[in-house]
Amino acid sequence: MTNNHLIAPSILAADFANLQQEIEMLNQSQADWIHVDIMDGMFVPNISFGFPVVSAVNKHAKKPLDVHLMIVEPDRYLKAFKDAGASNITVHYEACPNLNRTVQAIKELGCTAGVALNPHTPVSILEDIVGDLNLVLIMSVNPGFGGQHFIKNTYKKLHDIKELSSRYNPDLLIEVDGGVDQHNAADLIRAGATVLVAGSSVFSAPEALSAISNLKQAGN
Ligand code: DX5
Ligand code: ZN
């Protein structure tokens, strides 16, 4: 059986001193999107990078930028991220008191609208908004750092989001982010994931290109 899941390598694990080369490698690879993690030191206990870096990445990238905002009050910066090159913008449920408004604002910018859930946030809270979303991102580690261990309860959450998706939004993209590698990729796809984010398992591999192609073939 073939499947058509997407692969989104996370540049959080890339060599920032050679970012152009890393992006060119991703351009040549079987990656579908480039995952860009934005951390503000408030929503998560770490700071990654901001607009100048996203724009610089976008200058070289030939694939859509999948921007994951781990920041408080993301509404203040949606347009700036769109202008910096974002195709997809994902905000955290836990950071958005007016989530419906935020999602509409992302769509009005012409971007794919995603909502991310922290490991402790149940999928069921999305019932009344899932029909308006393009993408749900299930965090399979606590957000803030690359290279952490995959949390197994993610499989239960995939089951739950698949159920909501089949009821309210069959086109929903289901993204898994954190601790994804060639050992769990096939299981995640079978469980319903349609987009796999991978940072360290791609950029710390001896051959990043083959790590990406292994993830792309997983489950076939
Ligand atoms: C974590 C980020 C992830 C991270 C994944 O807060 O959202 O995208 O880069 O890194 P790995 O694949 O190393 O767990
Ligand atoms: Zn991420």
Side-chain angles (χ1 to χ4, degrees), residues 5-16 19 22-23 26 29 31-50 53-54 57 61 63-72 74 77 81 84-96 106 111-121 134-155 157 173-189 193-206 208 211-212 214-216 218:
H5 61 277
L6 307 178
I7 304 299
S10 165
I11 56 165
L12 188 65
D15 177 356
F16 290 161
L19 208 41
E22 300 278 52
I23 300 303
L26 294 178
S29 77
D32 298 280
W33 296 345
I34 298 176
H35 187 79
V36 178
D37 287 306
I38 308 295
M39 304 176 180
D40 65 353
M42 295 287 288
F43 182 70
V44 289
N46 196 8
I47 296 176
S48 56
F49 47 77
V53 174
V54 180
V57 166
K63 306 195 174 180
L65 300 191
D66 178 40
V67 174
H68 176 193
L69 297 182
M70 287 162 275
I71 64 175
V72 298
Y77 299 108
F81 280 109
S87 292
N88 311 340
I89 299 182
T90 295
V91 295
H92 266 263
Y93 169 83
E94 300 83 4
C96 297
I106 296 172
C111 292
T112 296
V115 170
L117 298 183
N118 274 341
H120 71 278
T121 305
N134 303 119
L135 179 154
V136 167
L137 183 159
I138 305 288
M139 284 304 308
S140 40
V141 297
N142 286 296
F145 303 92
Q148 302 180 82
H149 285 299
F150 178 84
I151 297 172
K152 290 218 164 63
N153 188 53
T154 303
Y155 291 110
K157 294 177 81 168
L173 292 160
I174 301 175
E175 185 167 27
V176 176
D177 184 6
V180 174
D181 60 23
Q182 58 173 335
H183 304 293
N184 56 19
D187 285 344
L188 289 168
I189 293 156
T194 54
V195 186
L196 299 180
V197 176
S200 2
S201 72
V202 164
F203 289 97
S204 308
I212 294 169
N214 289 340
L215 291 171
K216 188 69 183 169

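Counting starts at 1 for both ligands and their atoms, in listed order.
For the pair Asp40 (side chain) and Val72 (backbone), a donor-acceptor distance under 3.5 Å is present. Asn134 places a side-chain N or O within 3.5 Å of a backbone atom of Ala113 that can act as its donor or acceptor partner. The backbone N or O of Ser140 lies less than 3.5 Å from no partner atom in the side chain of Lys157, so there is not a single donor-acceptor pair.
The closest side-chain donor-acceptor pair between Glu175 and Thr194, if any, does not fall under 3.5 angstrom. Side-chain polar atoms of Ser48 and Asp37 form no donor-acceptor pair below 3.5 angstrom.
The minimum heavy-atom distance linking Leu6 with Lys216 is given by the pair CA-NZ, 4.1 Å.
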Table of N or O contacts for ligand 1, cutoff 3.5 Å:
{"residue": "ligand 1", "atom": "6 (O)", "partner": "Gly144", "partner atom": "N", "Å": "2.8"}
{"residue": "ligand 1", "atom": "7 (O)", "partner": "Asp37", "partner atom": "OD1", "Å": "3.0"}
{"residue": "ligand 1", "atom": "7 (O)", "partner": "His68", "partner atom": "ND1", "Å": "3.2"}
{"residue": "ligand 1", "atom": "7 (O)", "partner": "Asp177", "partner atom": "OD2", "Å": "2.9"}
{"residue": "ligand 1", "atom": "8 (O)", "partner": "His35", "partner atom": "NE2", "Å": "3.3"}
{"residue": "ligand 1", "atom": "8 (O)", "partner": "Asp37", "partner atom": "OD1", "Å": "3.1"}
{"residue": "ligand 1", "atom": "8 (O)", "partner": "Asp37", "partner atom": "OD2", "Å": "2.7"}
{"residue": "ligand 1", "atom": "8 (O)", "partner": "Asp177", "partner atom": "OD1", "Å": "2.7"}
{"residue": "ligand 1", "atom": "8 (O)", "partner": "Asp177", "partner atom": "OD2", "Å": "3.0"}
{"residue": "ligand 1", "atom": "9 (O)", "partner": "Ser10", "partner atom": "OG", "Å": "2.9"}
{"residue": "ligand 1", "atom": "9 (O)", "partner": "Asp37", "partner atom": "OD2", "Å": "2.9"}
{"residue": "ligand 1", "atom": "12 (O)", "partner": "Gly199", "partner atom": "N", "Å": "2.7"}
{"residue": "ligand 1", "atom": "13 (O)", "partner": "Gly147", "partner atom": "N", "Å": "2.8"}
{"residue": "ligand 1", "atom": "13 (O)", "partner": "Ser200", "partner atom": "N", "Å": "3.0"}
{"residue": "ligand 1", "atom": "13 (O)", "partner": "Ser200", "partner atom": "OG", "Å": "2.3"}
{"residue": "ligand 1", "atom": "14 (O)", "partner": "Gly179", "partner atom": "N", "Å": "2.8"}

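Inter-residue side-chain proximity for Ile38 and Val36 is flagged as met; some heavy-atom pair is nearer than 4.5 Å. Between Leu69 and Tyr77 there is no side-chain heavy-atom pair separated by less than 4.5 Å.
In this structure, His92 and His68 have parallel ring planes: the angle between them is below the 30° cut-off, well short of the 60° mark.
Around the Zn ion (ligand 2), the protein N, O or S atoms found under 2.8 Å comprise His35 NE2, Asp37 OD1, His68 ND1, Asp177 OD2.
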